[in-house]
Amino acid sequence: MRLSLTSRFSAISALLPALLVMLVVYIGATSWTVWMSLTNSRMLPNNNFVGLRQYETLLGNDRWITSVHNIVIYGVLFVSFALLIGFLLAVAIDQRVRAEDTIRSIFLYPYSMSFVVTGLVWQWLLNPTLGIQHVLRSWGFENATFDWIVRPETAIYCLVIAGVWQASGLVMAIMLAGLRGVDEEIWKAARVDGLPKWRVYMSIIIPMMGASFATAAVLLSTGVVRLYDLSVSMTNGGPGIASEVPAKFVMDHLFERANIGLATAAATTMLITVIAVVAPYLYWRARKGEMR
Amino acid sequence: MQKSNVDIRSLQIGFGGLKVLENLNLHVEASEFLVLLGPSGCGKSTLLNAIAGLIDVKGGEIHIGGRDVTWAEPKDRGIAMVFQSYALYPRMSVRRNMSFGLKVAGTPREEIERRVGEAAQMLRLTSLLDRRPSELSGGQRQRVAIGRALVRHAGVYLFDEPLSNLDAQLRAELRVEIKRLHARLSATMIYVTHDQIEALTLADRIAVMQGGVIQQLDTPKKIYREPVNRFVASFVGSPAMNFIPGRIACDGETGFIAGANRLGLNGYAFRGLPTDARAVLGIRPEHIELTASDDPSAVSARVEMVEPMGADTLIWCRLADGTTFSFRDDADAKMREGDTLALRFPAQALSLFDETSGQRL
């Protein structure tokens with residue numbers, strides 16, 4: 001059947017806004033960012049081409065190096081612990097506990113909070129003179145020390161704690177859906193086979209839940225790349241520059257330090273890194289799709 | 001391989017306030033093939049799961065191989081089980097599916113290999129041992145599931161509707177395979193199904209269940225020929241048994257009166273003394289015979305519809321009073337719609353049921 005001219009027109013006009021958004025906002029803005037990183041723009045954008053000089057500056061910048069270092073630590077720990085804790089919570093809830101709905105809501109609740117609120121709450125909790133350390137000492141544990149947030153070498157781990165606390169509930173929800181998808185008869189077969197429960201999870205259930213783990217990992221990873229507000233609200237990058245992250249570097253140079261060139265170079269570097277990580281995965285997926 | 005008998009004594013099972021089984025007794029001989037047959041919700045799967053130890057019982061005892069296993073874990077009962085959805089471990093190869101339980105139980109490696117090899121050879125799985133379940137057809141998957149049960153060298157094998165997820169042709173093939181397996185191993189097998197053909201072909205004895213109660217426990221032949229009540233009569237047999245309402249008359253020669261027809265009951269084995277009462281007559285389609293029109297015991301009926309079934313023909317007829325029934329004739333039956341037939345209902349092939357209780361008379 002051939003589409004009439006009018007229905008083809010309406011189809012095109014319906015797709016047009018999305019197409020425009022895609023062209024202007026994504027491709028246009030990204031291209032502009034890449035171009036700006038090749039100029040010496042300061043407070044206002046200009047078109048003075050300077051080659052890769054901004055990137056040289058960037059790689060010699062201590063604050064940027066620390067940011068990259070931090071995001072790697074944060075990324076690895078945050079994704080692993082959120083997956084681990086989320087999965088364990090899901091397994092715990094899957095044991096047909098009482099008041100399952102309530103518990104599930106409580107675990108999922110942190111996810112409904114913004115990173116700013118999460119950051120503030122954990123800033124107070126971790127503050128040695130107000131939070132956990134203070135409480136422990138007032139209970140009589142005179143030597144209790146929990147001052148990670150004020151020590152430069154451990155401040156980034158505080159971001160991990162807050163991030164994991166916030167995201168575990170979401171991972172739990174995804175994992176629980178995966179666990180509920182496991183055929184009841186597999187559990188029965190495993191019982192008849194005499195397999196201990198932990199063995200069933202390790203050898204049978206977890207291998208079956210590849211899709212759930214992949215979904216959760218992808219969602220968590222996007223959270224890693226755009227990590228910004230947690231750092232701002234919890235430590236504001238401190239002490240010193242100890243808990244700086246790349247997105248914060250970009251924002252600060254773009255708006256506070258009036259260095260558009262350097263900021264866009266940092267943003268472009270982030271983009272290239274993400275592509276370098278994601279591209280092999282997409283390629284592998286496409287190959288796998290072809291083989292089927 | 002040891003063969004265990006199973007003894008179930010006044011078993012009670014309930015979920016909350018709902019009673020599924022109440023005071024159920026069942027004895028399964030060693031090497032026997034027992035089929036639990038019934039419609040969904042009759043408690044047959046519940047009973048099987050209780051034997052396996054997968055659900056808790058409220059009362060009564062379960063003995064397997066002379067040992068009281070009422071509260072034993074499934075793995076300690078000397079049983080193996082095959083499930084409707086196969087329940088294979090999806091990310092493991094066929095070989096690992098079959099060997100994993102033994103490995104975890106600490107069986108020596110050579111012994112595992114020997115048992116897996118033996119089961120694979122018996123079920124023609126040898127060439128599939130390194131495949132994943134997702135790379136197998138439904139029939140092959142169920143054979144793997146049977147193999148996983150066989151390597152356990154259990155005293156009793158439990159089958160929970162193992163063929164229900166397969167298409168008709170595979171079902172017939174695997175049915176034969178299970179029967180051959182039983183003949184070869186002569187192991188005790190308890191098999192749950194709602195398919196009466198499977199029950200009739202496989203079983204040494206069938207337990208027909210309804211509403212959590214065993215209605216009849218007997219050989220397939222007896223169940224088919226002499227159903228104890230109307231439920232068993234209508235559940236077993238395809239095409240289904242015909243039921244004709246009427247009454248028993250004991251004046252002179254005992255007979256059954258349906259409308260204007262009187263059928264002689266000389267030769268029917270009554271359970272008690274026949275009395276004048278309203279009753280339902282049951283007869284299987286293949287037991288109705290054509291006869292000459294001047295036969296005094298002939299019933300005349302009009303042909304309503306003819307269904308050729310390949311090997312034979314099913315003919316639907318209507319009596320003068322409007323009752324319809326079917327009977328089976330050979331493949332080249334020449335009846336047409338509208339023909340009038342003279343039929344004979346042999347008394348020894350009949351079943352008579354009390355109209356209210358449905359019990360066999």
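A note on names: the letters A, B, ... follow the listed sequences, proteins ahead of strands, and every chain is numbered from 1. The model shown is predicted, which means the values in this text are computed figures rather than measured ones.
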Check whether more than 12 heavy atoms from other residues, nucleotides or ligands sit under 6.0 Å from atom [atom1] of [X], and answer yes or no.
X: B:His27; atom1: NE2; answer: yes
X: B:Phe15; atom1: CZ; answer: yes
X: B:Lys58; atom1: NZ; answer: yes

Residue pairs meeting ring pair (Phe, Tyr, Trp, His ring centres under 6.0 Å), one or both in residues 55-83 of chain B, sequence neighbours left out, come to none
Report which part of [X] has an atom under 4.5 Å of a heavy atom belonging to chain A: side chain, backbone, both, or neither.
X: B:Leu102; answer: neither
X: B:Ala149; answer: neither
X: B:Asn49; answer: side chain

Is the closest side-chain heavy-atom distance between [X] and [Y] below 4.5 Å?
X: B:Arg91; Y: A:Ile204; result: no
X: B:Lys75; Y: A:Val192; result: no
X: A:Ser203; Y: B:Met92; result: yes

Checklist entry - Any Lys/Arg nitrogen of B:Arg152 or A:Asp193 sitting under 4.0 Å from an Asp/Glu carboxylate oxygen of the other? => result yes
One should read off an interatomic distance between B:Leu54 CG and A:Glu185 CD, to the nearest 0.5 angstrom, of 10.0 Å
Most contact-rich option vs chain B, by heavy-atom pairs under 4.5 angstrom, among A:Val200, A:Leu195, A:Ile205, is A:Leu195
